[in-house]
There are 2 protein chains.
Amino acid sequence: MRCCLDTHLPGLRPGADIMDPLCPSRVVFQRIGDKWASLVVQVLADGPVRFSELRKHVHVITPKVLTQTLRTLERDGLIIRTVFAQVPPRVDYQLTGLGESLLGPLAILRDWAESNVPSILDARDAYDDARAGALPEG
Amino acid sequence: MRCCLDTHLPGLRPGADIMDPLCPSRVVFQRIGDKWASLVVQVLADGPVRFSELRKHVHVITPKVLTQTLRTLERDGLIIRTVFAQVPPRVDYQLTGLGESLLGPLAILRDWAESNVPSILDARDAYDDARAGALPEG
DNA sequence: GCCAACGGTATCCTATAGATACTATGAAGT
DNA sequence: ACTTCATAGTATCTATAGGATACCGTTGGC
């Protein structure tokens, strides 16, 4: 579980373990784990999407949070923001090559999620039932 | 991007799109994307680990948040909590079969992260430089 | 002149995460 | 007997992030 590479970034320790908070891989890993970012990336899989379309597809994200998410993804080089000089304004968001390279791993994760939803929901039921039964009686 | 299956859970809509907030897959997907959960799962890859060892390996997680994370993972059937009647107390956490099945997808994601850290950090530098240059001058 | 479409901001409130201190148990040491 | 130690958490408070809602600026069409 060692990290990765020969970066030189101030404040980040390249040789660290991924469990180290200053390990660059961990920083990236937690970005992928962002609540909205991975959903947005998947919506962009088929090509450029406008801001308002993103709002419709990623329910229910508020415009503030969507803007924050998009700015972060842009800063990380995963998407490109294109402004068209029109009225009403038009802004397209699309994946970069780097962003596209993330689609495969995300699809694997999504497949896992969809395959295992029944098991997880069953486990939750069992857990909650056990708790609900234990507390009132005890 | 359709969801998955024939669940019957109250409040969850099985036929929904993964972008639907009530889609079970999305619920699971966001659980995977939890800030700490995926790190904890990876620490448990090699076998049972005690609470205090987890605290050491997953820096820097507070005991409260670690407890919350472990309870959630247990509820979802990804880990098992075993209490030994000892003093001082001993509690082991280990992956279930379901939890182990998540290791592969997580490893793919981690590989992606480690491979692409340089690109992402470069993109951040470029983005920040452009902003830092634009604002004071403009 | 007025309204609508779009891509956001501004403001406020709440929920989550984080820091820190504290608890219970009992065996071992002196 | 008393103190100390280790473990696995809880309790309490504060800081930060997320979320709900309202609003802004542009300008083409009516």
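In what follows, chains carry the letters A, B, and so on, assigned in the order in which the sequence lines appear, proteins first and then strands, with residues in each chain numbered from 1. Note that the structure is a prediction, hence the values are computed from the model and not measured.
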Could you pull out all donor-acceptor pairs under 3.5 Å where a side-chain atom in residues 48-57 of chain B meets a protein atom, sequence neighbours excluded?
{"residue": "B:Arg50", "atom": "NH2", "partner": "B:Pro89", "partner atom": "O", "Å": "3.3"}
{"residue": "B:Glu53", "atom": "OE2", "partner": "B:Lys56", "partner atom": "NZ", "Å": "3.1"}

Round to a whole Å and report the spacing from CD of B:Gln86 to P of C:dA28.
12 Å

Would you jot down, in residue-number order, the residues of residues 72-80 of chain B having a non-hydrogen atom under 4.0 Å from DNA chain D?
none

Looking at A:Ala37, is its backbone amide N or carbonyl O close enough to the side chain of A:Asp34 to form a donor-acceptor pair, meaning the two atoms are under 3.5 Å apart?
yes

Protein heavy-atom contacts under 4.0 Å, written 5' to 3' over nucleotides 7-13 of chain C as B (base), S (sugar-phosphate only) or - (none), form the string SSB-B--

Residues pairing under side chain to side chain donor-acceptor pair (under 3.5 Å) where one sits in residues 77-88 of chain B, two or more places apart or in two chains, turn out to be B:Arg81-B:Tyr93

Please, which pairs that meet salt bridge (Lys or Arg N to Asp or Glu O under 4.0 Å) have at least one residue in residues 94-107 of chain B, sequence neighbours excluded?
none

Judged by atom type as modelled, is there a donor-acceptor pair below 3.5 Å linking the side chain of A:Trp36 to the main-chain atoms of A:Leu66?
no

Tell me, please, the opening and closing nucleotides of DNA chain D, 5' to 3', among those with an atom under 4.0 angstrom from a non-hydrogen atom of chain B.
D:dA6 to D:dT12

Test B:Leu102 against A:Leu109 for side chain to side chain contact (heavy atoms under 4.5 Å, CB included), laying out the working first.
CA-CA 8 Å; B:Leu102 183 54; A:Leu109 212 51; 4.2 Å; yes

Walking DNA chain D from its 5' end, the first of A:Val87 and A:Gln68 to be reached, judged by nearest nucleotide, is A:Gln68

Heavy-atom nearest nucleotide on DNA chain C taken for B:Asp34 and for A:Lys56; more 5' hit belongs to A:Lys56

Using modelled atom types only, decide if a donor and an acceptor are shared between the side chain of A:Thr96 and the backbone of A:Leu78 within a distance under 3.5 Å.
yes

Decide, yes or no, whether a salt bridge links A:Arg90 with A:Asp92 under the criterion of side-chain N to carboxylate O below 4.0 Å.
yes

In this structure, OH of A:Tyr127 is separated from CD1 of A:Ile120 (nearest 0.5 Å) by 15.0 Å

Report the C-alpha distance between A:Leu73 and A:Thr69 in whole Å, list the side-chain angles of each, state the deciding distance to 0.1 Å, and finish with yes or no for side chain to side chain contact (heavy atoms under 4.5 Å, CB included).
CA-CA 6 Å; A:Leu73 288 171; A:Thr69 302; 4.1 Å; yes

